K.L.:
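The structure is given below, and queries will be raised subsequently.
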Protein chains: 2
Amino acid sequence: MTKLTIKEVAKAAGVSTATISRVLNENGYVSEEARRRVLETIERLHYKPNTIARSLKQDRSGGIGFVLPDLTNPYFMRIARALHNRLAGEGYYVFFMDSDEEPEKEREALNFLLEKRVEAILLAGTGGNLELIRRIQAGGTPLVLLDRQLPGVPADAVMEDNETAAEEAVMYLLDKGHRTVGVLNGPAGISTAAERARGALKALTVRGMEAHTEYSYYGDYTRNSGKRAAKYFLELPVPPTAVFSANNEMTFGFLLGLKENGLPIDHMELVSFGGLDFASLFRHRLTAIRQEPDAVAEAAAELLLRRIREPESAGKREKRLLVPRLEVSPASEDG
Amino acid sequence: MTKLTIKEVAKAAGVSTATISRVLNENGYVSEEARRRVLETIERLHYKPNTIARSLKQDRSGGIGFVLPDLTNPYFMRIARALHNRLAGEGYYVFFMDSDEEPEKEREALNFLLEKRVEAILLAGTGGNLELIRRIQAGGTPLVLLDRQLPGVPADAVMEDNETAAEEAVMYLLDKGHRTVGVLNGPAGISTAAERARGALKALTVRGMEAHTEYSYYGDYTRNSGKRAAKYFLELPVPPTAVFSANNEMTFGFLLGLKENGLPIDHMELVSFGGLDFASLFRHRLTAIRQEPDAVAEAAAELLLRRIREPESAGKREKRLLVPRLEVSPASEDG
DNA sequence: TTGTATGCGTTATCAT
DNA sequence: ATGATAACGCATACAA
């Protein structure tokens with residue numbers, strides 16, 4: 001019942017702790033005979049090396065931090081899962097930290113990760129803590145931004161090409177003949193929202209249409225703001241015939257809003273950044289920009305590993321831009 | 001750029017490392033004057049204590065492991081979030097480990113946690129690794145089972161009262177006059193599935209109905225198995241007029257299956273263990289057993305903390321059974 | 001091929 | 001009230 005350390009194992013196997021360590025780490029010379037005995041003893045005693053002591057000695061925590069805005073958001077959790085799978089194979093584990101979109105919680109998460117001496121940090125930021133983040137970079141911990149850019153923080157980044165995708169999406173609506181298109185934007189503070197807004201605007205401009213501000217609504221990426229947007233658009237003198245929504249939560253809310261107002265959910269044509277997995281259940285003219293969490297995770301993992309393993313590349317900044325594609329629902333074809 | 005340790009801070013503040021430590025941990029005596037100087041220096045240098053060294057010295061990792069079957073499952077992630085929030089306040093952090101329903105991955109996760117010297121483990125098990133789990137208990141690490149019971153493993157547990165809830169659900173269908181009720185079960189290996197099946201059977205028995213095996217379908221908690229179930233029930237000589245589904249993924253699949261067979265999604269009355277958040281979007285007579293992840297997390301956190309803090313309670317076994325309630329959708333009232 | 005001894009960054013004991 | 005120092009469990013330089 002007393003704590004089982006490398007020492008007890010050494011004694012039990014009749015060798016020194018150094019030999020145990022050599023077997024464990026598969027380095028240095030050790031006779032076949034000794035290795036056998038050591039492995040047998042480890043197995044018999046169910047010895048598990050203490051990674052805390054190991055980390056301290058080797059100055060290598062093996063941890064990578066991932067700060068994300070919402071643990072229950074399937075998009076981020078798919079990224080999380082893929083990231084974990086990829087990095088576990090390389091001997092790293094991931095700390096998942098939930099910022100809940102609050103800069104204060106984000107700050108706590110980042111400080112926690114620093115105290116845990118993580119070897120790199122992946123951050124889908126709230127937009128705050130810019131100074132802390134710069135200090136982290138200056139301190140030498142590789143930091144990669146995910147999904148969202150941060151103003152005034154040059155850093156490695158992996159994100160989706162929000163502007164292009166949004167432009168395509170709105171272009172799609174315009175080319176189908178819609179003349180009044182509502183744009184349901186995300187919150188001003190988050191880079192993805194700004195980029196998606198820019199893309200939408202660009203499409204309108206390219207097609208020579210004016211962007212009337214009354215057809216633009218600013219939500220906050222939440223379901224409720226989508227609901228409010230539906231009410232808002234419906235009450236306009238001339239409601240839009242189609243709407244581009246900057247994220248799936250708002251799209252969901254928008255559908256709820258239509259329903260609350262006694263309208264069928266296919267009352268307006270809808271294009272959403274990010275799909276809704278129940279969309280196939282009904283005929284509702286929903287076209288979605290399909291995001292690719294696995295590809296994002298893969299790119300992020302590559303970048304993280306490279307920065308950890310090539311400290312000489314510390315100054316470099318790389319930006320990986322993935323292009324999500326527009327997925328037109330069958331029901332939309334004949335809309 | 002050289003590593004910043006307590007030593008450098010001590011030098012910079014003109015005190016010994018012991019004093020720094022005392023300030024950091026708020027124990028022992030330290031003059032107001034010294035404390036001020038130390039705090040100022042820490043702030044100025046942006047010193048962050050190395051928790052790895054601290055953990056080694058104090059023999060206290062501060063970590064709690066949570067092994068769950070699917071990182072992208074919102075039910076478990078809501079539990080995860082609530083758990084994290086509750087435990088962070090107590091000075092603990094949580095390792096989220098994804099077993100992906102595979103015993104092999106679960107084994108790796110458990111071993112990882114042991115090597116990290118977590119102070120307790122919360123486990124929503126795959127059903128495998130029974131011996132390892134018993135060894136963990138014997139080794140003195142508190143282990144609490146979540147959501148799922150394990151055969152032959154007496155342990156603290158927090159779960160929902162699956163049997164009672166399932167019984168109520170089927171009873172509800174019978175009392176509405178349905179005479180042929182299909183039961184869509186989960187996989188045999190998972191305790192929740194067995195309990196829900198038992199509850200459903202009990203309802204039938206109580207109402208004096210025979211449980212014909214052809215009205216029972218065994219899925220595996222996945223969407224696809226729900227789809228297959230729909231096809232199966234529809235092809236029976238006398239299809240059921242209502243179905244009880246043992247989890248929400250299968251319920252979703254079942255709806256998809258109805259659609260694929262050219263039927264409206266309200267073709268059959270449905271009661272689901274676990275809700276579907278888009279249910280309110282349409283009129284489809286879906287009644288759901290509403291699970292309560294926050295309450296589950298709270299109960300689990302209490303139990304974990306108690307076992308960590310009261311080692312003398314090591315032999316005790318406590319089972320917390322939460323009772324989810326049946327939530328009848330408005331559309332079902334007039335079905 | 002193996003063992004001895006030192007040190008990783010921190011806390012805690014013991015002097016002072 | 002403060003400082004010197006041993007110890008936590010392990011990996012590794014060096015000696016043998």
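From a predicted model like this one, the values you see are computed outputs, not experimental measurements. So that the names make sense, note that chain A is the first sequence line, chain B the second, and so on, each numbered from 1.
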K.L.:
Whether A/Thr19 contacts C/dT1 is assessed here as follows: a side-chain N or O lying under 4.0 Å from the phosphate OP1 or OP2. Is that the case?
P.N.:
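Checking A/Thr19 against C/dT1: no side-chain N or O falls below 4.0 Å of OP1 or OP2.
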K.L.:
Anything under 30° is parallel, anything over 60° is perpendicular, the rest tilted; go ahead and classify B/Phe96 against B/His84.
P.N.:
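Rings of B/Phe96 and B/His84: tilted, 30 to 60°.
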K.L.:
Would you please confirm or rule out a distance under 4.0 Å between OP1 or OP2 of C/dT4 and any side-chain N or O of A/Thr17?
P.N.:
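For C/dT4, neither OP1 nor OP2 has a side-chain N or O of A/Thr17 closer than 4.0 Å.
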K.L.:
Looking at B/Thr5, I'd like to know whether one of its side-chain N or O atoms comes within less than 4.0 Å of OP1 or OP2 on C/dC8.
P.N.:
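Indeed not, no polar side-chain atom of B/Thr5 lies that close.
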K.L.:
From D/dC10, C/dG9, D/dT2, pick the nucleotide closest to the side chain of B/Lys3?
P.N.:
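Side chain of B/Lys3 sits closest to C/dG9.
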K.L.:
May I have the distance from A/Arg35 (atom CZ) to C/dT2 (atom P), rounded to whole angstrom?
P.N.:
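These atoms are roughly 10 Å apart.
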K.L.:
Which nucleotide in the list D/dT2, D/dG9, D/dC10 gets nearest to the side chain of A/Pro49?
P.N.:
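Looking only at side-chain atoms, A/Pro49 lies closest to D/dC10.
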K.L.:
Counting distance alone, no hydrogens or angles: does the base of C/dG9 have a donor or acceptor under 3.5 Å from a partner atom on the side chain of A/Arg117?
P.N.:
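For A/Arg117, whose side chain was compared with the base of C/dG9, there is no donor-acceptor pair (under 3.5 Å).
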K.L.:
Given the structure, check if the side chain of B/Lys57 and the base of C/dT10 hold any donor-acceptor pair shorter than 3.5 Å.
P.N.:
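A donor-acceptor contact between them is absent.
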K.L.:
From the set C/dA12, C/dT2, C/dA5, return the single nucleotide nearest to any side-chain atom of A/Arg22.
P.N.:
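Closest nucleotide to the A/Arg22 side chain: C/dT2.
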K.L.:
Let's see if you can work this out: which of D/dG3, C/dA12, C/dT1 has an atom nearest to the side-chain heavy atoms of A/Ser31?
P.N.:
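For A/Ser31, the side-chain atoms sit closest to C/dT1.
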K.L.:
Roughly, in whole Å, what's the span from NZ in B/Lys11 to C1' in D/dA4?
P.N.:
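So the NZ-C1' distance, B/Lys11 to D/dA4, works out to 15 Å.
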K.L.:
Run B/Arg86 and B/Glu302 through salt bridge (charged side-chain N to carboxylate O under 4.0 Å, His left out) and show every step you take.
P.N.:
CA-CA 9 Å; B/Arg86 178 72 175 73; B/Glu302 295 307 331; 2.6 Å; yes
K.L.:
I want to confirm an ordering. Mapping B/Leu56 and B/Ala34 to their closest nucleotides on DNA chain D, which one lands closer to the 5' end?
P.N.:
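Counting from the 5' end, the first nearest nucleotide belongs to B/Ala34.
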K.L.:
Checking A/Asp156 side chain against A/Glu318 main chain: does a donor-acceptor pair fall under 3.5 Å?
P.N.:
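Looks like yes, one N/O pair under 3.5 Å.
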K.L.:
State which of C/dG3, D/dG3, D/dT2 makes the closest approach to the side chain of B/Val15.
P.N.:
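Nearest nucleotide to the side chain: D/dG3.
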K.L.:
Please say whether more than 12 non-hydrogen atoms of neighbouring residues, nucleotides or ligands are located less than 6.0 Å from CD in A/Glu312.
P.N.:
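Above 12, so yes.
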K.L.:
So what does A/Asn50 touch, heavy atoms closer than 4.0 Å: a base, only the sugar-phosphate, or nothing?
P.N.:
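The residue A/Asn50 makes sugar-phosphate contact but no base contact.
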K.L.:
When you measure from the side-chain N and O atoms of B/Tyr47 to the phosphate of C/dT10, is any distance below 4.0 Å, counting only OP1 and OP2?
P.N.:
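Yes, B/Tyr47 has a side-chain N/O under 4.0 Å of OP1/OP2 on C/dT10.
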K.L.:
What integer distance in Å separates A/Gln58:CD from C/dT6:P?
P.N.:
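Taking atom P of C/dT6 as the reference, CD of A/Gln58 is at 21 Å.
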K.L.:
Round to a whole Å and report the spacing from CD1 of A/Ile6 to C1' of D/dC8.
P.N.:
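The distance from CD1 of A/Ile6 to C1' of D/dC8 comes to 14 Å, rounded to the nearest Å.
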K.L.:
I want to check one thing: is the phosphate of C/dT11, taken as OP1 and OP2, less than 4.0 Å away from some side-chain N or O of B/Asn27?
P.N.:
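No, B/Asn27 has no side-chain N/O under 4.0 Å of OP1/OP2 on C/dT11.
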K.L.:
Have B/Thr126 and B/Glu106 got a donor and an acceptor in their side chains that come within less than 3.5 Å?
P.N.:
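Yes, B/Glu106 and B/Thr126 have a side-chain donor paired with an acceptor closer than 3.5 Å.
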